Trainee: 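Okay, handing you the structure first.
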Amino acid sequence: MRANGDTIRTLREERGFPLRGFARRVQVSPAQLSRIERSQSNPRPDLLKRIAEGLGVRITTIACHHESEEPVHE
């Protein structure tokens with residue numbers, strides 16, 4: 001499962017969470033969260049789950065299911 005970075009960023013901003021504060025909340029560096037939001041990195045399943053929980057959404061809300069996309073490496 002891949003993360004949809006645009007959706008993560010949109011939901012985070014709609015909820016008024018600053019990047020640094022939200023990164024701290026989900027236990028990831030601000031730089032890593034920024035890469036995820038820009039679809040330059042794909043989070044591990046445990047981090048994807050923490051991001052979804054931090055945003056108050058189901059993991060399927062922030063996940064992509066496109067098999068044709070090339071994998072993004074951390």
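Note that this is a predicted model, so its numbers are computed, not measured.
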Trainee: Let's go through L55 and T61 carefully: what are the C-alpha distance in whole Å and the side-chain angles of both, what is the deciding distance for side-chain contact (heavy atoms from CB on, under 4.5 Å) to 0.1 Å, and is it a yes or a no?
Mentor: CA-CA 10 Å; L55 293 169; T61 302; over 6 Å; no
Trainee: Quick one: list whatever passes side chain to side chain donor-acceptor pair (under 3.5 Å) with R35, sequence neighbours left out.
Mentor: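 Here the qualifying residues are Q32.
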Trainee: Return each pair, listed once, that meets side chain to side chain donor-acceptor pair (under 3.5 Å) where at least one residue sits in residues 3-18; pairs must be two or more places apart or across chains.
Mentor: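 Pairs touching residues 3-18 that pass the test: N4-T7, R12-E37.
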Trainee: Measure from the side-chain N and O atoms of R25 to the backbone N and O of G21, and report whether any donor-acceptor pair falls under 3.5 Å.
Mentor: no
Trainee: Is N42 reaching over with its side chain to a backbone N or O of I36, donor-acceptor style, under 3.5 angstrom?
Mentor: no
Trainee: Checking R20 now: which residues fulfil side chain to side chain contact (heavy atoms under 4.5 Å, CB included) with it, not counting sequence neighbours?
Mentor: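 R20 satisfies side chain to side chain contact (heavy atoms under 4.5 Å, CB included) with P30 only.
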Trainee: Mind listing the closest non-hydrogen atom pair of L33 and V28 along with its distance?
Mentor: CB-CG1, 4.1 Å
Trainee: Could you measure the distance from the OG atom of S39 to the CD1 atom of I8? Nearest 0.5 Å is fine.
Mentor: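 Between atom OG of S39 and atom CD1 of I8 there are 8.0 Å.
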Trainee: For residues 47-54, which side-chain donor-acceptor pairs fall under 3.5 Å, sequence neighbours excluded?
Mentor:
from : atom 1 : to  : atom 2 : distance (Å)
R50  : NE     : V26 : O      : 2.8
R50  : NH1    : D46 : OD2    : 3.4
R50  : NH2    : V26 : O      : 3.3
R50  : NH2    : Q27 : O      : 3.4

Trainee: What pairs meet the ring pair (Phe, Tyr, Trp, His ring centres under 6.0 Å) rule with one or both residues in residues 17-41, with sequence neighbours excluded?
Mentor: F17-F22
Trainee: Among residues at least two apart in sequence or on other chains, which ones pass side chain to side chain contact (heavy atoms under 4.5 Å, CB included) with R24?
Mentor: none
Trainee: Please give me the minimum heavy-atom distance between G16 and P18, naming the atom from each residue.
Mentor: O-CD, 3.3 Å
